[in-house]
J.: 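What follows is a single structure, and I will ask about it in a moment.
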Number of protein chains: 2
Amino acid sequence: MEIVKYLSKIPLFEGLPEDQLIDLSKITVTLDLGKGQVIFSEGDEGRGFYVVLQGRVKIYKLSPDGKEQTLHIFGSGEPFGEVPVFAGKHFPANAEALEKSKVLFFPRISLIRLIEKNPSLAMNMLAILARRLRQFTVQIEHLSLKEVPGRLAAYLLYLSDRENGSQEVRLDITKGQLASLLGTIPETLSRIFAKMSKQGIIEIMGPNIKILSRTALEELVEYGGGL
Amino acid sequence: MEIVKYLSKIPLFEGLPEDQLIDLSKITVTLDLGKGQVIFSEGDEGRGFYVVLQGRVKIYKLSPDGKEQTLHIFGSGEPFGEVPVFAGKHFPANAEALEKSKVLFFPRISLIRLIEKNPSLAMNMLAILARRLRQFTVQIEHLSLKEVPGRLAAYLLYLSDRENGSQEVRLDITKGQLASLLGTIPETLSRIFAKMSKQGIIEIMGPNIKILSRTALEELVEYGGGL
DNA sequence: TATATGCTTTGATTTAAGTCAAATTTCGTC
DNA sequence: GACGAAATTTGACTTAAATCAAAGCATATA
């Protein structure tokens with residue numbers, strides 16, 4: 001079966017024996033989503049969690065006046081919506097497909113049953129949640145302790161590191177989406193990009209960015225200000 | 001043994017059979033901490049996690065220039081520092097006793113062994129981590145989408161709700177600590193308190209605050225601004 | 001190719017909140 | 001109860017970033 005092969009590649013289920021993967025595959029539902037399609041909304045009952053197969057999914061919060069704060073953007077292989085499975089009740093945020101996507105859905109009940117039979121699955125899940133907690137810690141730090149240029153610099157360095165230190169990175173989300181992820185608005189982000197570019201720290205070619213001075217970016221993260 | 005009785009009251013270990021609690025008690029180390037004493041620092045290797053027995057413990061991040069963002073304040077019965085146990089390596093933040101405190105330490109290795117033997121413990125930990133993730137979601141939302149008055153209003157309502165809607169709440173942390181928890185500085189917080197007081201929304205008597213208009217607070221959370 | 005739609009940039013202005021400095025209150029301890 | 005240290009408040013000032021408005025680009029689709 002196709003699904004089993006997919007499952008075995010998802011970090012969450014790494015190291016599970018084949019028979020358990022088959023068990024898992026039996027409880028999953030595959031969802032096909034169009035661009036912009038809402039997967040769940042804040043306050044919805046959490047009946048289970050999801051894993052991205054193809055495409056990208058955005059998790060975000062809305063303020064009453066419609067301003068958006070992106071919490072995460074998940075790509076292929078990443079699980080989301082696990083919180084209510086264990087914490088109970090409802091989703092604390094919204095989820096929406098950024099592009100045409102496929103996601104797997106794992107119903108809560110079946111999953112809990114599976115975990116009870118299967119401690120190592122629980123360990124994997126613990127690791128995932130702990131890692132996510134760590135990401136949030138960083139995000140909170142950035143939002144409260146750093147100005148926007150510092151946050152952007154940190155993000156660019158993160159992208160670069162992800163491609164083992166490449167000088168050139170590509171934004172795989174729109175600049176508007178990046179603004180929301182950094183806790184700001186497109187105008188502000190655009191101005192900061194312009195300033196960084198003028199100072200010769202980066203070079204912008206559409207969604208491709210060449211890092212001209214890694215040091216300058218690191219200083220922005222470290223000491224902020226002064227752009 | 002004393003410790004076993006303590007352990008049985010900690011949500012994390014709820015529902016564990018007595019013999020497992022005894023096992024647990026054997027691997028714990030009790031730490032006595034003075035006020036202001038550092039428990040671990042960002043970057044330290046995570047050798048295990050902690051549970052507060054008495055007192056209060058603050059988890060926080062520091063910016064290079066010394067500004068502090070409090071992530072959590074944990075009281076009696078609450079676990080902290082679990083992230084590196086499952087996510088690996090080092091602590092992502094600092095921990096310090098806010099007052100004279102007692103905490104239990106659970107070494108990583110023993111703990112993992114225990115969890116592997118013991119699925120229900122894993123389920124409890126999953127629930128705890130999931131709840132914490134949810135709290136962070138809210139905190140990020142607040143930091144990015146709401147102005148300080150809205151965050152303060154939300155905090156006051158939270159305190160009030162915790163004492164089933166009481167009109168009078170008591171800050172169990174200093175206003176400086178509250179400022180850090182809300183992602184701001186004491187001066188700003190003080191001004192906002194003054195404004196709210198002038199507008200008859202609250203009445204301040206030292207650390208005791210009387211909520212005069214719950215509605216006004218709710219509006220601040222909802223629509224922000226206008227103080 | 002033309003046109004509409006959505007992204008991005010730029011400019012002018014406003015504003016919330018941070019900084020620096022100093023006065024004042026509160027608190028712990030001798 | 002009195003002293004010194006710490007926490008809190010107040011004031012004047014600065015600043016980063018949001019808002020509002022409009023123009024410029026792309027991109028995809030008819």
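Per chain, numbering begins at 1; letters A, B, ... match sequence-line order.
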J.: Taking the side chain of P186(B) as heavy atoms from C-beta outward, which of dT10(C), dA16(C), dT9(D) is closest to it?
T.: dT9(D)
J.: Grab the CZ-C1' distance between R191(B) and dA17(C) for me, whole Å please.
T.: 9 Å
J.: What's the NZ-C1' distance between K67(B) and dA16(D), to the nearest Å?
T.: 12 Å
J.: Rounded to the Å, how far apart are L143(B) CG and dA16(C) P?
T.: 18 Å
J.: Regarding S160(A) and R214(A), do their side chains bring together a donor and an acceptor under 3.5 Å, going by distance alone?
T.: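 Yes, because at least one side-chain N or O of S160(A) sits under 3.5 Å from a partner of the opposite role on R214(A).
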J.: Mind calculating the distance between CG (L152(B)) and P (dA16(C)) to the nearest angstrom?
T.: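 One finds 16 Å between P of dA16(C) and CG of L152(B), rounded.
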J.: Measure CD/E187(B) against P/dA16(C) and give the value in whole Å, please.
T.: 18 Å
J.: Between T174(A) and dG6(C), does any side-chain N or O lie under 4.0 Å from OP1 or OP2?
T.: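 Answer is no, no contact under 4.0 Å.
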J.: S190(A) has a side chain; which of dG18(C), dA16(C), dT9(C) sits nearest to it?
T.: dT9(C)
J.: Do any side-chain nitrogens or oxygens of T188(A) fall under 4.0 Å of OP1 or OP2 in dA18(D)?
T.: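 Looking at the OP1 and OP2 atoms of dA18(D), one of them is under 4.0 Å from a side-chain N or O of T188(A).
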J.: Does a nitrogen or oxygen in the side chain of K35(B) sit under 4.0 Å from OP1 or OP2 of dG28(C)?
T.: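 No, outside the criterion.
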J.: Can you tell me how the ring of F13(A) sits relative to the ring of F106(A), calling it parallel under 30°, perpendicular over 60° and tilted otherwise?
T.: tilted
J.: Nearest-Å distance, CD (Q69(A)) to P (dA17(D))?
T.: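 Interatomic distance, CD of Q69(A) to P of dA17(D): 14 Å.
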J.: What integer distance in Å separates F193(A):CZ from dA17(D):P?
T.: 14 Å
J.: Measure the acute angle between the ring planes of Y50(A) and F80(A), then classify it against the limits of 30° and 60° as parallel, tilted or perpendicular.
T.: parallel
J.: I'd like to know if E68(A) and K58(A) make a salt bridge, using a cut-off of under 4.0 Å between side-chain N and carboxylate O.
T.: yes
J.: When the distance from CG of L98(B) to P of dA7(D) is rounded to whole Å, what number comes out?
T.: 11 Å
